Amino acid sequence: MAGGREIKTKIKSVQNTRKVTRALEMVSASKIRKAQDLMKASRPYARLMRQAIGHIARANSEYKHPFMVERSEIKRVGYVIVSTDRGLCGGLNTNLFRNLLGQIRAWQDKGVEVDMVCIGQKASAYFRRLKVNMVGSVTHLGERPQIDQLIGVIKVMLDAYTDGRIDRLSLVYNDFVNTMTQKATVDQLLPLPPSDELTSTHSWDYLYEPDPASVLDHVLKRYVESLVYQATLENLASEHAARMVAMKSASDNATKAIGTLTLIYNKARQAAITQEISEIVGGAAAV
Amino acid sequence: MSTIRCDIVSAEKEIFHGNVSMVIATGEMGELGIAPRHAPLITRLKPGQVRLKLENGEEQFFYVSGGILEVQPQVVTVLADTAERAADLDEAAARKAKDEAERAIANRVDAMEIAEAQAQLAQALAQLQALEQLRRSLKH
């Protein structure tokens, strides 16, 4: 029986692979709900923060915070990249990085250098090979990222911006649209993009306590932190969704492969039986 | 009695929203009582209580460990911090992030990773080839 045993072993091995992909698919399916809940729970903060920032942008303050002023010359740009810690999630990270690489090339062609901080194992593994300056990194955020895990990397970038080492800061992450769709997104964090509705009906300003500089500094830092945090949660939900889909198609492929292999095995068995019978018949005729 | 809308949120969840007749919080410069139609104001909060006087005269208390209070004539927003925050703590976190990056760069295992991936690829190709041959031999 030609290769019967080998095919059997192969079938076993594909079956084992399918078991693993099935399990991963189901784990992701349950985790995605939790990630979505987290994402939803943190949305009110982000929304109110954006609203407050909108108000601040519209207030007629004499003081202009450096985060709100566009710089005339750009010598260096910063990126905050949110990626996953683990792989096996389809093209999620790859698409994001490819998207970003295009931008980095464009900057480098103009003679602008790039600094970056990486959130998640995949980004830091990927970008350490490239000729970019990685100034900060945080990995292993787990299933429930906390904002204090992110403070460090954000502060690195905010300090660089305040000191004038970078002139622009952007945030790169996968936006969770729905389970089937995740969108690679690049948002500008600093300087604050000008808001659409700048025409206020009358001129007013806040009472700042104690003074505009320190209050705005505090608020804008919190604003950037909240955006990065929100992006991390979106990315987490995207990760589970992408993994679920990738593992589902892997399981389907495994099922197909098992079908084909079983067919080959049966044919081989049939051929062996036919051969044996004809040998017996041949043998009997000879006697 | 006139009321003002009040939202209290932290980065991780929504804590309160509804109409109240007064908000009392501990600002950096001292206690603040915000009644409806207060002038626009923005301030940092010190760790402490936020007290809400509800429409029906009841009071509700929340503890915040810091944050931002924003007052608009029709709405009061409290953006509460969840994490313990202090300048030196932030500094330590920033240093840790930098160290992590340096470690990631120093830790070059590229050659190993590539070798490993190539080995896996070779194995997969061999399996594929074997399968292909098997299929061909069966057809004949």
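Naming: A, B, ... by sequence-line order, numbering from 1 per chain. Just so it is clear, the structure is predicted and the values come from calculations on it, not from any experiment.
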Exercise for the section: Would you indicate whether E59(B), at its atom CD, is surrounded by more than 12 heavy atoms from other residues, nucleotides or ligands within a distance under 6.0 Å? Expected result: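 More than 12 heavy atoms, drawn from other residues, nucleotides or ligands, come within 6.0 Å of this atom.
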Handout entry: Neighbour count >12 (heavy atoms, 6.0 Å) for atom NE2, H38(B)
Key =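 For H38(B), atom NE2 is crowded (more than 12 foreign heavy atoms under 6.0 Å).
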Working to the nearest 0.5 Å, report the span between [atom1] of [X] and [atom2] of [Y].
| X | Y | atom1 | atom2 | answer |
| --- | --- | --- | --- | --- |
| L207(A) | I42(B) | CG | CD1 | 11.0 Å |
| Y45(A) | D7(B) | OH | CG | 13.0 Å |
| D81(B) | H218(A) | CG | NE2 | 5.5 Å |

Would you mind checking which part of [X] comes under 4.5 Å of any heavy atom in chain B, side chain (CB onward), backbone (N, CA, C, O), both or neither?
| X | result |
| --- | --- |
| Y208(A) | both |
| L261(A) | side chain |
| I56(A) | side chain |
| V135(A) | backbone |
| S214(A) | both |
| A271(A) | neither |
| K40(A) | neither |
| Q146(A) | both |

Do [X] and [Y] touch side chain to side chain, with heavy atoms closer than 4.5 Å?
| X | Y | answer |
| --- | --- | --- |
| E12(B) | Y229(A) | yes |
| M49(A) | I68(B) | yes |
| E70(B) | Y206(A) | yes |
| R44(B) | E209(A) | no |

Fill in the blank from the handout: Turns out that what part of S10(B) lies under 4.5 Å from chain A's heavy atoms comes down to backbone
Completion exercise
One option among T77(B), T43(B), L41(B), L69(B) has the most heavy-atom pairs under 4.5 Å with chain A, and it is L41(B)
Handout entry: chain A neighbours within residues 25-37 of chain B, where any heavy atom lies under 4.5 Å away
Key =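 Contacts with chain A: E28(B), M29(B), L32(B).
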Handout entry: Max heavy-atom pair count under 4.5 Å with chain B, selected residue of G152(A), S226(A), A46(A), A52(A)
Key = G152(A)
Problem - Nearest heavy-atom neighbours spanning S42(A) and A11(B) - result: CB-O, 3.0 Å
